[in-house]
Q: 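Sharing a structure, written as structure tokens. Questions coming.
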Amino acid sequence: MTLMHSCGASARSGSTAAAALEILGLIAHGLTNPEIARRLFLSGHTVKTHVNRIFAKTGSRDRAAAIGYAHRHDIG
């Protein structure tokens with residue numbers, strides 16, 4: 001999975017990448033993991049897994065860094 005603007009991720013990971021982009025956008029809008037889980041009808045564990053993968057893929061150490069990534073790449 002590669003996070004990019006406009007869901008420009010590789011075809012092999014399309015749905016996972018789309019979910020990650022959506023979650024990153026919601027993080028950028030200030031939503032918490034429980035709020036994201038309720039909005040997307042996901043478990044808290046699933047959201048946490050996506051968030052940790054987003055951190056790894058964006059090189060972010062925390063939500064603030066992930067938000068910076070989102071803003072730099074016009075996500076959210």
Side-chain angles (χ1 to χ4, degrees):
M1 169 180 56
T2 302
L3 291 174
M4 297 172 61
H5 176 58
S6 310
C7 295
S10 65
R12 68 177 167 70
S13 60
S15 63
T16 302
L21 283 170
E22 185 173 14
I23 291 170
L24 179 55
L26 294 172
I27 291 170
H29 284 279
L31 275 69
T32 64
N33 286 4
E35 291 169 333
I36 293 168
R38 283 191 298 275
R39 181 171 291 194
L40 300 180
F41 303 100
L42 298 171
S43 74
H45 178 75
T46 298
V47 172
K48 185 175 180 178
T49 298
H50 277 293
V51 169
N52 287 330
R53 288 180 181 163
I54 289 165
F55 287 176
K57 294 294 180 179
T58 62
S60 301
R61 295 181 69 174
D62 54 28
R63 288 176 97 82
I67 290 168
Y69 179 96
H71 287 297
R72 287 190 303 278
H73 292 88
D74 296 320
I75 299 169

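Residues take their numbers from the sequence shown, with the count starting at 1.
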Q: I need the His50 NE2 to Leu40 CG distance, nearest 0.5 Å.
A: 9.0 Å

Q: I want to check something: taking the side chain as every heavy atom from C-beta on, are Ile36 and Ile27 in contact at a cut-off of under 4.5 Å?
A: yes

Q: To the closest 0.5 Å, what do you measure between CD1 (Ile67) and CG (Leu24)?
A: 8.5 Å

Q: Which value, rounded to the nearest 0.5 Å, describes the distance between Ile23 atom CD1 and Arg39 atom CZ?
A: 12.0 Å

Q: For a 4.5 angstrom cut-off between non-hydrogen side-chain atoms, does Ile75 reach Tyr69?
A: yes

Q: Filter on side chain to side chain donor-acceptor pair (under 3.5 Å), then keep only pairs touching residues 19-33, sequence neighbours left out; what's left?
A: Thr32-Glu35, Asn33-Arg63

Q: Tell me every residue that passes side chain to side chain donor-acceptor pair (under 3.5 Å) with Thr46, counting only those two or more places apart in sequence or in another chain.
A: Ser43

